[in-house]
Amino acid sequence: MQGELMQMRVNGWCVVKNVVPEDRVAAVRERVMDAVHRHANAETLEDKGIGHVSGFVAREQSFAPYLADSRVMGVVEGLLGKHVRISFTTATVNFPGNPRGGWHADWPFNQKNAGHIPAPYPDAAMHVTTLWMLSPFSERNGGTLILPGSHRSDNNPSGDNGFDPLGEIPGECNAVGEAGSVLMLDSRLWHATAPNHSDEPRVSVVIRYAPWWLDTGVLMPGSEARERMLEATGLNSPEVPPVPQEVYDSMHESVKPLFRHWVRAGD
């Protein structure tokens, strides 16, 4: 774990291997793909060739037992401290032929969102993005494009910092790894969707972890903080639906603390 934590601090990313057991990853991948076919955002699928489902844990829970894995949590807590929470669960499937996406950093560092930390950023980890590799990630099938070390920048291309969001940048590379592994990113790290040149979809679930003090309430549909922010800025912002009580009740006890804040009475 110390090696992965050092990689996160220096390079802004690491891969934790074999988090989803080898004998389970194919079954999880199949269930995720089935849920994506049923619930994917049609507009995103048509325009970008990506199967995208927000608030995915409410749709499918086969991956949920692994979210509190001690190696993953060791890195997350090493960066963010104790009492972390999950902020997003999103299915992301790159289908063959999807185009290259734009360079950006994730919430709360994406300057195109209504709720974001204004640049210049302090040099501090405030959010961790993880991609759960349910397919192998490779250069051929569009393993996520990353720019190592860019998490130390005080801005990113979503904030008009002089870099072409769709351009190639010296030092960029594809993050690669075996199915069942977890790609971990400091959410400040510049990254982009890579084109899938293979004949098979690249399947992942994106899970993001936040420290206890980061206000995830602005992501909740209908919350006062969210409505006020959208009205004031005229921008949009990511939305995370509540977790149904029955889904929460079905979770392993080690995972429940990561989702407790998304459960609302009556949902």
query = Within the side chain of Thr89, is there an N or O that forms a donor-acceptor pair under 3.5 Å with the backbone of Phe56?
reply = yes
ask   = Taking all atoms of both residues into account, what is the closest heavy-atom pair of Met220 and Pro242, and its distance?
value = SD-CG, 3.7 Å
key: Stepwise side-chain contact (heavy atoms from CB on, under 4.5 Å) test for Val128 and Leu80   = CA-CA 8 Å; Val128 173; Leu80 304 180; 3.9 Å; yes
task = Specify the closest pair of heavy atoms between Pro157 and Pro165, including all atoms of both residues, with the distance to one decimal.
result = O-CG, 4.0 Å
key: pair Gln61-Met251: side-chain heavy atoms closer than 4.5 Å   = no
inquiry  = To check you understand the geometry: which heavy-atom pair defines the closest contact between Gly217 and Ser223, and what is its length?
reply    = O-OG, 2.8 Å
Any side-chain donor near an acceptor of the partner, Ser198 and Glu200, under 3.5 Å = no
task = Report the C-alpha distance between Asp106 and His191 in whole Å, list the side-chain angles of each, state the deciding distance to 0.1 Å, and finish with yes or no for side-chain contact (heavy atoms from CB on, under 4.5 Å).
result = CA-CA 9 Å; Asp106 283 342; His191 58 283; 3.2 Å; yes
task = Test Trp190 against every option in Ile146, Leu185, Leu145, Ile169 by the side-chain contact (heavy atoms from CB on, under 4.5 Å) rule and name the one that passes.
result = Ile169
request  = Starting at CG of Asp186, measure out to CZ of Arg9 and round the result to the nearest 0.5 Å.
outcome  = 11.0 Å
request  = Decide whether Ser187 and Thr129 meet the rule of one side-chain donor and one side-chain acceptor closer than 3.5 Å.
outcome  = yes
inquiry  = If I take atom CE from residue Met229 and atom CG from residue Asp215, how far apart are they, to the nearest 0.5 angstrom?
reply    = 7.0 Å
ask   = Taking a hydrophobic cluster as the set of Ile, Leu, Val, Met, Phe, Trp and Tyr residues connected by side-chain heavy atoms closer than 4.5 Å, whether directly or through intermediates, do Met133 and Val20 fall within one such cluster?
value = no
query = Hey, does the side chain of Asn113 reach the backbone of His116 with a donor-acceptor pair shorter than 3.5 angstrom?
reply = no
ask   = Does Ser138 offer a backbone N or O that forms a donor-acceptor pair with the side chain of Asn141 under 3.5 Å?
value = yes
request  = Taking all heavy atoms of Arg188 and all of Ala125, pick out the closest pair and write down the distance.
outcome  = NH2-N, 3.7 Å
message = Evaluate Leu189 against Leu147 for side-chain contact (heavy atoms from CB on, under 4.5 Å), listing each step before the verdict.
response = CA-CA 7 Å; Leu189 189 78; Leu147 187 65; 5.7 Å; no
message = Any non-hydrogen side-chain atom of Arg38 less than 4.5 Å from a side-chain atom of Asp34?
response = yes
message = Rounded to the nearest 0.5 Å, what separates atom NZ in Lys48 from atom OG1 in Thr193?
response = 7.5 Å
query = Can you hop from Val32 to Trp132 via hydrophobic side chains spaced under 4.5 Å?
reply = yes
query = Can you find a pair of side-chain heavy atoms, one from Leu214 and one from Ser87, that are under 4.5 Å apart?
reply = no
remark   = To the nearest 0.5 Å, atom OG of Ser181 lies from atom CG of Leu131 at 12.0 Å
inquiry  = Using only atom types and a distance under 3.5 Å, with no angle test, would you say the side chain of His52 pairs donor to acceptor with the backbone of Ile50?
reply    = no
inquiry  = Check this for me, if you would: do Lys256 and Glu253 make a salt bridge, where the nitrogen-to-carboxylate-oxygen distance has to be below 4.0 angstrom?
reply    = yes
query = Got a second to check how far Arg208's CZ is from Thr90's OG1, nearest 0.5 Å?
reply = 5.5 Å
request  = Write down the atom of Ala105, the atom of Asn110, and the distance for their closest heavy-atom approach.
outcome  = O-CB, 3.2 Å
ask   = Rounded to the nearest 0.5 Å, what separation is found between the CG atom of Leu67 and the CD1 atom of Ile207?
value = 5.0 Å
ask   = Just by distance, do the side chain of Glu178 and the backbone of Gly180 share a donor-acceptor pair under 3.5 Å?
value = no
ask   = Honestly curious: do Leu258 and Val182 fall in one hydrophobic cluster under the side-chain, below-4.5 Å linking rule?
value = yes
task = Would you check if Asn156 and Trp103 make a side-chain contact, meaning some heavy-atom pair closer than 4.5 Å?
result = no
inquiry  = Tell me whether Arg202 forms a cation-pi arrangement with Phe137, defined as NZ or CZ under 6.0 Å from the six-membered ring centre and within 45 degrees of its axis.
reply    = yes
message = Going by salt bridge (charged side-chain N to carboxylate O under 4.0 Å, His left out), name the pairs with one or both residues in residues 132-157, residues two or more places apart or in two chains.
response = Asp123-Arg152
query = With a 4.5 Å heavy-atom cut-off, do Arg29 and Ser135 have their side chains touching?
reply = yes
ask   = Is Asp164 reaching over with its side chain to a backbone N or O of Leu166, donor-acceptor style, under 3.5 angstrom?
value = yes
inquiry  = Do His37 and Met33 make a side-chain contact, defined as non-hydrogen atoms from C-beta onward lying under 4.5 Å apart?
reply    = yes
Pair Tyr209-Val72, side-chain contact (heavy atoms from CB on, under 4.5 Å): steps then yes or no = CA-CA 10 Å; Tyr209 295 82; Val72 172; 4.0 Å; yes
request  = Taking the side chain as every heavy atom from C-beta outward, state whether Glu239 and Ser54 have any pair of such atoms under 4.5 Å apart.
outcome  = no
ask   = Would Val10 end up clustered with Met184 when hydrophobic side chains under 4.5 Å apart are linked, directly or stepwise?
value = no
task = Establish whether Phe63 and Val84 are linked, either directly or via other cluster members, by ILVMFWY side-chain heavy-atom contacts under 4.5 Å.
result = yes
inquiry  = Whether the side chain of Arg100 engages the backbone of Gly167 through a donor-acceptor N/O pair (distance < 3.5 Å, no angle test) should be reported.
reply    = yes
Side-chain (Tyr121) to main-chain (Phe109) donor-acceptor, under 3.5 angstrom = yes
key: Within the 6.0 Å centroid threshold, strictly below: Trp107 and Phe88   = yes
ask   = Does some side-chain heavy atom of Arg85 sit less than 4.5 Å from a side-chain heavy atom of Trp262?
value = no
query = How far apart are the closest heavy atoms of Asn196 and Pro201, and which atoms are they?
reply = ND2-CA, 4.0 Å
task = Please check if the side chain of Ser158 supplies one atom and the backbone of His104 the other of a donor-acceptor pair under 3.5 Å.
result = no
query = Any donor-acceptor pair under 3.5 Å linking the side chain of Asn174 with the backbone of Val176?
reply = no
ask   = With a 3.5 Å cut-off and no angle check, do the side chains of Asn18 and Glu22 form a donor-acceptor pair?
value = no
